[in-house]
A.B. asks: 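First the structure, which I've put down as structure tokens, then a few questions once you've had a look.
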Amino acid sequence: MRIDKVELRHTKMELLTPFETSLGVESYEEHIIVRVDSDGLTGWGECVVEPTPAYSPETVKTAWHILSDFLIPAVLNNNISEAKDYIGHISWIRGHRMAKAGLEAALWDLSAKSKGISLSKLLGGVQQKIVVGVSVGMQDDVNSLLKEISGFIDDGYRRIKLKISPGKDLQYIKAVRKEFPDILFQVDANSAYELKHIDIFRQMEDYNLLLIEQPLGCEDIYAHSRLQRELKTPICLDESIRSAEDAKAAVELGSCKNINIKPGRVGGYTESIAIHDYCAAENIPVWHGGMDESGIGRAGNIALASLPDFILPADISASRRYYRKDIAEPLFELNKDGTIDVPVKPGIGVEVDIKQLDTVTVFKDEFKNPKRNL
Ligand code: OSB
Ligand code: MG
């Protein structure tokens, strides 16, 4: 597979409703859409960086730099016959996992298309539909939160994840559990707490939470092991797990009982599969997280989430939960049983709406293979 051309687009898409977490409020998602062309086929990937280094140390600008100066040249100057070959050429580059994952995703899509099979199949997926949930931002008061959640339950979601931070936790958790006694319910702190808040977590044990996601430091594994020892409710790590090595450290130290896998955070599908396989062998259920992707990234997430150890409901909601108009078709719809179908067409299985992509593109650039006559 000789890559003829790589195109990067900085996109900006308005969220249907602002999304508030302990890290701040977001009204727009700015990501980088990666397009690779080879012998008449096109692969697409989404690099899930954000404009600010709040969730991850990477930003749109750092990813653009690493992609254009290091990752894309590695792809244009080498023969990449499988998406897997890419890793060998870029493993010398430290960090910058979201940048790496965005280009890797486009190469996997291309690989699957060149074989005429779905990305799910190429990655080793076995599930035809995946159980999903919805991630709900913090609201100004309990009543607005209950109203918002009740709308999602009416839509068919069977699992609710609520963002929390100190001062916006127990009161909200208690109200949600009272109103919806049977719903699968979990919380995500995005690292807003410290071990000194342990009493708050002890009180959370009364509300039958499926899990508590990333309560402590964003790079911490040790303090989480101390907290998990004191709690029955499973801790799930998101930010702290950047690689299969991190997953092993966390599992062996007892820092968590399950793991949120996001390909962007860990450097791509190859590393995600390594974490998945390790967790499957250790009986640690994993679930697929989300970064408010467009239909391009969402399609890739769904393909990955079809692997067998993705047991807990995913942060992969229907397209219309996020954007008024998406950049890929068909839209992902929620089935009545709270699932989303895994695409079966070749590659990511959705078509990119180039006109709409142009509308949301802030800036684009392309990189041609000097050895190919285009
Ligand atoms: O912590 O899981 C998170 C979105 C952006 C950054 C971090 C997170 C999230 C979400 C949204 O929770 C999940 C989704 O895409 O639905
Ligand atoms: Mg999270």
Side-chain angles (χ1 to χ4, degrees), residues 13 15-31 46-60 97-98 101 130-139 148-149 152 155 157-165 185-193 209-220 224 234-242 246 250 256 258-266 272 286-302 304-305 310 312-323 326 332 334 338 340:
M13 292 171 69
L15 287 165
L16 220 47
T17 51
F19 187 56
E20 182 168 1
T21 71
S22 66
L23 306 169
V25 190
E26 279 185 335
S27 300
Y28 292 85
E29 279 304 326
E30 294 183 48
H31 289 171
E46 181 162 347
C47 175
V48 296
V49 281
E50 296 180 327
T52 64
Y55 169 80
S56 150
E58 296 182 74
T59 67
V60 173
R97 294 177 170 88
M98 288 180 174
I130 55 164
V131 181
V132 302
V134 61
S135 175
V136 183
M138 298 192 294
Q139 306 293 321
E148 168 125 9
I149 293 180
F152 287 128
D155 291 342
Y157 290 104
R158 300 271 180 84
R159 186 279 261 155
I160 299 294
K161 160 169 143 181
L162 174 64
K163 294 288 183 177
I164 54 166
S165 70
F185 181 35
Q186 65 192 56
V187 293
D188 185 2
N190 289 107
S191 294
Y193 296 83
L209 297 175
L210 192 57
L211 56 90
I212 299 170
E213 184 177 344
Q214 196 68 39
L216 310 178
C218 64
E219 295 181 352
D220 169 80
H224 282 102
I235 290 177
C236 167
L237 293 178
D238 173 356
E239 283 92 326
S240 291
I241 306 298
R242 294 156 304 182
D246 285 345
C256 61
N258 49 62
I259 288 177
N260 164 331
I261 296 182
K262 294 178 182 174
R265 197 192 66 229
V266 305
S272 299
V286 301
W287 56 285
H288 203 299
M291 293 293 294
D292 299 319
E293 287 88 347
S294 76
I296 296 175
R298 186 171 324 286
N301 290 352
I302 293 172
L304 181 64
F310 283 92
L312 296 165
D315 267 354
I316 301 176
S317 308
S319 308
R320 64 169 59 88
R321 184 263 181 275
Y322 304 93
Y323 302 105
D326 208 333
F332 288 103
L334 187 70
I340 289 182

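Atoms within each ligand, like the ligands themselves, are counted from 1 in listed order.
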A.B. asks: Under 3.5 Å between some N or O of ligand 1 and some N or O of E239?
C.D. replies: no

A.B. asks: Ligand 1 and E50, any nitrogen or oxygen pair closer than 3.5 angstrom?
C.D. replies: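 No, no N or O pair falls under 3.5 Å.
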
A.B. asks: In the structure I gave you, are the side-chain heavy atoms of I259 and I261 within less than 4.5 Å of one another anywhere?
C.D. replies: yes

A.B. asks: Indicate, as side chain, backbone, both or neither, the part of V134 found under 4.0 angstrom from ligand 1 when only non-hydrogen atoms are considered.
C.D. replies: neither

A.B. asks: Go through the steps for L334 and V132 under the test side chain to side chain contact (heavy atoms under 4.5 Å, CB included), then give the verdict.
C.D. replies: CA-CA 8 Å; L334 187 70; V132 302; 3.5 Å; yes

A.B. asks: Are any of the N or O atoms of D188 closer than 3.5 Å to those of ligand 1?
C.D. replies: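 Among all N and O atoms of D188, at least one is under 3.5 Å from an N or O of ligand 1.
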
A.B. asks: Which residue supplies the protein heavy atom nearest to atom 16 (O) of ligand 1, what is that atom called, and how far is it?
C.D. replies: Y322 OH, 2.7 Å

A.B. asks: Report yes if some heavy atom in the side chain of E26 is under 4.5 Å from a heavy atom in the side chain of P18; otherwise report no.
C.D. replies: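 E26 vs P18: side chains apart.
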
A.B. asks: Can you check side chain to side chain donor-acceptor pair (under 3.5 Å) on S56 and E50, steps first, answer last?
C.D. replies: CA-CA 8 Å; S56 150; E50 296 180 327; over 6 Å; no

A.B. asks: Is there a polar contact, in the sense of an N or O pair closer than 3.5 Å, between K163 and ligand 1?
C.D. replies: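 Among all N and O atoms of K163, at least one is under 3.5 Å from an N or O of ligand 1.
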
A.B. asks: Taking 2.8 Å as the upper limit, name the protein N, O or S atoms near the Mg ion (ligand 2).
C.D. replies: D188 OD2, E213 OE2, D238 OD2

A.B. asks: Examine N260 against ligand 1 and note whether any of their N/O atoms are separated by less than 3.5 Å.
C.D. replies: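 Checking ligand 1 against N260, no N or O pair falls under 3.5 Å apart.
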
A.B. asks: May I ask which of D315, D238, D292 has a heavy atom nearer to atom 4 (C) of ligand 1 than the others do?
C.D. replies: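 Minimum heavy-atom distance to atom 4 (C) of ligand 1 goes to D292.
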
A.B. asks: Does any pair with a residue in residues 312-323 pass salt bridge (Lys or Arg N to Asp or Glu O under 4.0 Å), and if so which ones, sequence neighbours excluded?
C.D. replies: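 Salt bridge (Lys or Arg N to Asp or Glu O under 4.0 Å) check on residues 312-323 returns R159-D315, K161-D315, R320-E333.
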
A.B. asks: Which option, K262, E213, E293, owns the non-hydrogen atom nearest atom 3 (C) of ligand 1?
C.D. replies: K262

A.B. asks: Quick one: does N190 get an N or O within less than 3.5 Å of an N or O on ligand 1?
C.D. replies: yes

A.B. asks: Table please: side-chain donor-acceptor pairs of residues 288-295 below 3.5 Å, with sequence neighbours left out.
C.D. replies:
residue	atom	partner	partner atom	Å
H288	NE2	N301	O	3.4
E293	OE1	M291	N	2.8
E293	OE1	N301	ND2	3.3
E293	OE2	M291	N	3.3
E293	OE2	N301	ND2	3.1
S294	OG	E46	OE1	2.6
S294	OG	I296	N	3.2

A.B. asks: Could you check whether any side-chain heavy atom of V136 comes within less than 4.5 Å of a side-chain heavy atom of Y157, counting everything from C-beta outward?
C.D. replies: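 SC-SC contact between V136 and Y157 ruled out.
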
A.B. asks: Answer side chain, backbone, both or neither: which part of K161 comes under 4.0 Å from ligand 1, heavy atoms only.
C.D. replies: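 K161 to ligand 1: side-chain contact only, backbone stays beyond 4.0 Å.
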
A.B. asks: Just jot down the ring pair (Phe, Tyr, Trp, His ring centres under 6.0 Å) partners of F19, sequence neighbours excluded, or say none.
C.D. replies: none

